[in-house]
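Worksheet: one structure, shown below.
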Amino acid sequence: MPFSVKHRPLRLWRTLLPWLVGALPMVCGLLIMHWQAGRELQNRSEASAQRVGGQIERILDSASRAASELLPLAGHPCVEEKLALRDQVTRRAFVRSTNLEYRGELYCNSLFGPYSEPVNVDNYVQGKLWLMDGNSVTPGHPLLVYRVSEGERGAITTVDGDHLIGALYLLGTDNQLILQVGQNWIDRSGQVHKGLAPTSEVAASEYVSTRYPFSIHSGYTQGKVGEQMRSEYPALFGLLVMLGAMAAVTCYWQLRRASSPRVELQRAIEANEFIPYFQPVVRHGDYRWAGVEVLMRWQHPREGLVRPDLFIPYAEHSGQIVPMTRQLMARTVEVLAPHAARMADGFHIGINITADHCQDLALLDDCHAFLAAFPKGRVRLTLELTERKLISPSEVTHALFAGLHDLGVMIAVDDFGTGQSSLAYLRQFQVDYLKIDQSFVSMIGGDALSLHILDSIIELSSKLGLGIVAEGVETEAQRDYLARHNVDFQQGYLFARPMSAEAFIQALEAQGLASTTDNQVLTQGG
């Protein structure tokens with residue numbers, strides 16, 4: 001923004017904000033995607049555990065039916081019942097072998113016939129199920145053993161570990177599935193391990209059978225959520241990137257728009273931030289105050305008092321100078337009208353206008369309202385035409401200037417001699433004053449060419465019957481030179497700097513007291 005230097009934290013914030021806004025939908029979207037992917041994996045994990053658990057239950061149902069049918073044969077001679085054991089193995093798809101138990105001894109086997117091996121009931125969870133790491137026939141090959149007993153009799157069936165591994169592979173290999181029986185567990189590797197099964201890092205779930213003493217543990221390894229997001233949501237991820245980019249661009253555009261000079265000036269107008277500063281104008285002879293020039297200042301909420309050269313040129317360029325001037329005139333009335341009694345009749349109040357003010361007759365209404373706020377004849381409103389934009393003569397401008405003069409408003413050409421339109425204004429409009437630019441005044445006692453121009457302006461104003469005001473008077477030498485050439489009014493730091501409303505009112509009171517004292521001295525001296 002050309003008006004002032006922004007604070008570094010604010011600039012940093014404006015730089016970072018579009019990135020943050022752009023990242024927000026992406027981050028929120030990724031969080032939602034992460035949650036959704038985790039939820040899907042959790043559902044899949046639970047479903048996998050249930051389906052595998054159901055398959056293991058069907059396998060055990062086959063083993064259970066075989067054992068239940070063989071149980072009445074326990075205690076009979078093995079020679080008589082060997083064919084019945086083999087018949088169960090033949091008819092049951094998942095049963096690998098069958099056995100008869102009597103009085104704690106396994107005495108008959110479908111593979112070997114008569115057999116002798118003690119039965120340790122403690123190996124069986126709830127006396128029913130044992131996950132063992134092979135036997136004498138197939139050492140290291142897992143077996144799931146089902147046992148049913150009644151008194152001294154018992155029947156035992158075995159399920160080959162390959163059926164268990166097949167069940168664990170039932171739903172693919174991207175998840176972790178473990179069969180836990182008591183203190184033993186087996187995964188897809190086919191090895192039986194001791195202890196509790198490890199818990200999966202992602203989407204851990206468990207299916208506990210209500211019919212048999214086993215459980216299925218399911219889940220995924222670390223990083224599965226990210227893999228799920230990449231594989232399942234590539235289009236959604238692309239959409240998030242596009243939305244983030246659109247949000248960032250929109251935010252950047254809005255910030256640029258919100259921080260643009262035009263928008264900032266409009267905000268300041270609505271906030272009534274343009275305030276008057278006053279620089280006195282002194283008259284020839286006694287150098288007492290004859291009036292003031294009202295200067296516009298911007299009381300910015302963050303930057304403080306902003307110089308006019310940092311915002312007025314843009315305000316004129318954008319056309320916002322008109323409402324700003326209207327606001328300035330209203331604030332001037334608020335400040336000066338209550339103290340009108342301290343001003344001498346004909347107190348000059350100068351306000352700058354540009355070509356934009358001359359496009360319609362609204363300025364006439366503003367001036368009428370301004371003068372109506374003071375006692376009649378107390379102030380003389382002077383409109384100072386600046387030359388940054390050329391006023392094109394038209395019926396409207398001629399009607400405007402005629403109406404202004406009927407109101408008693410005077411017209412001055414500001415910074416006379418520095419622009420290209422000054423002489424044209426003298427021909428086209430009824431001008432009352434010329435204001436000599438400070439660049440010519442500063443050359444008094446110095447540059448001879450500028451001094452000649454200054455003398456020519458003074459001579460021109462005299463011949464045209466125009467009043468003249470010299471700006472930028474800073475030294476006594478300049479003051480005295482202008483006084484010798486009968487310049488009507490002077491203005492500059494030698495007499496007073498631009499001051500706030502409060503300071504001006506105090507100084508105006510001091511001027512009134514000084515004037516009263518001088519009159520008393522003259523009366524007593526007479």
Side-chain angles (χ1 to χ4, degrees), residues 272-297 299 305 308 324-353 366-384 404 407-412 414 432-433 435 467-474 479 482-483 487-526:
N272 205 28
E273 293 177 1
F274 296 103
I275 60 174
Y277 261 54
F278 303 93
Q279 186 173 28
V281 177
V282 301
R283 60 174 175 253
H284 174 66
D286 58 5
Y287 302 114
R288 299 195 65 80
W289 288 7
V292 291
E293 179 181 1
V294 182
L295 305 171
M296 186 181 296
R297 296 291 186 267
Q299 189 65 52
L305 201 63
M324 290 165 60
T325 303
R326 182 173 294 115
Q327 186 176 107
L328 182 72
M329 293 176 70
R331 294 290 292 270
T332 300
V333 167
E334 292 176 7
V335 172
L336 297 185
H339 305 279
R342 295 187 174 89
M343 305 174 191
D345 285 343
F347 192 81
H348 289 251
I349 299 178
I351 295 177
N352 289 304
I353 64 170
D366 295 337
C367 293
H368 185 275
F370 185 94
L371 292 172
F374 296 90
K376 187 174 182 180
R378 183 56 50 91
V379 299
R380 294 294 301 271
L381 179 59
T382 303
L383 300 180
E384 302 180 6
L404 290 173
L407 280 177
V409 177
M410 295 186 295
I411 305 299
D414 195 21
D432 302 292
Y433 280 92
K435 295 195 73 173
I468 189 164
V469 182
E471 296 181 298
V473 180
E474 297 183 354
R479 178 197 65 187
L482 296 169
V487 171
D488 301 306
F489 301 99
Q490 297 186 35
Q491 175 183 352
Y493 286 179
L494 178 65
F495 309 106
R497 291 176 175 269
M499 58 188 76
S500 65
E502 295 79 4
F504 175 74
I505 295 303
Q506 293 177 1
L508 186 64
E509 292 177 354
Q511 282 278 319
L513 291 174
S515 177
T516 302
T517 302
D518 291 345
N519 290 335
Q520 291 174 351
V521 170
L522 290 173
T523 302
Q524 294 171 1

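- The shortest heavy-atom contact between Leu407 and Leu371 is O-CD1, 3.7 Å.
- A donor-acceptor pair is defined here as one N or O able to donate and one able to accept, closer than 3.5 Å; no such pair exists between the side chain of Arg297 and the backbone of Ser500.
- In this structure, the side chain of Gln490 does not engage the main chain of Tyr287 through any donor-acceptor pair within 3.5 Å.
- Side-chain contact check for Met329 versus Thr325: some heavy-atom pair is nearer than 4.5 Å.
- Under the 4.5 Å side-chain criterion, counting only non-hydrogen atoms from C-beta, Gln299 is in contact with Leu305.
- The aromatic rings of His348 and Phe489 lie tilted to each other, with the angle between the two planes from 30° to 60°.
- Met499 places a side-chain heavy atom less than 4.5 Å from the side chain of Pro280.
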Requested in this report: For side-chain contact (heavy atoms from CB on, under 4.5 Å), just list the numbers for Phe370 and Ile349, CA-CA rounded to whole Å, side-chain angles, deciding distance to a tenth of an Å, and then say yes or no.
Outcome: CA-CA 11 Å; Phe370 185 94; Ile349 299 178; 4.0 Å; yes
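- The number of heavy atoms from other shown groups lying within 6.0 Å of NE2 (His368) does not exceed 12.
- Of the possible donor and acceptor atoms, one in the side chain of Asp432 sits under 3.5 Å from a partner among the backbone N and O of Ile411.
- For Ala507 against Trp289, the heavy-atom pair with the smallest separation is CB-CH2, 3.4 Å.
- Of all the heavy atoms in Ala340 and Phe374, the pair that sits closest is CB-CD2, 3.9 Å.
- The aromatic rings of Phe347 and Phe504 sit tilted relative to each other, their planes meeting at an angle between 30° and 60°.
- Closest approach of His284 and Ala483 over heavy atoms only: CE1-O, 3.2 Å.
- Considering only heavy atoms from C-beta on, Glu384 comes within 4.5 Å of Asn352 through its side chain.
- In plain terms, the two heavy atoms of Met410 and Tyr433 that are nearest each other are SD-CE1, 3.5 Å.
- Atom CZ of Arg380 has 12 or fewer heavy atoms from other residues, nucleotides or ligands within 6.0 Å.
- Each of Ile353, Ile351, Leu381 was scored for a side chain to side chain contact (heavy atoms under 4.5 Å, CB included) with Cys367, with one residue passing: Leu381.
- Two residues are said to be in side-chain contact when any heavy atoms from C-beta on lie closer than 4.5 Å; Phe274 and Arg331 fail this criterion.
- In this structure, the side chains of Val294 and Phe278 come closer than 4.5 Å at one or more pairs of heavy atoms.
- Note: Met343 CE to Arg378 CZ = 8.5 Å, rounded to the nearest 0.5 Å.
- Between Thr332 atom OG1 and Leu295 atom CG the span is 10.0 Å, to the nearest 0.5 Å.
- Leu328 CG to Met296 CE: the interatomic distance, rounded to the nearest 0.5 Å, is 4.5 Å.
- The two atoms that bring Pro276 and Val335 nearest to each other are CG-CG2, 4.5 Å, heavy atoms only.
- To the nearest 0.5 angstrom, Ile505 atom CD1 is 5.5 Å from Leu336 atom CG.
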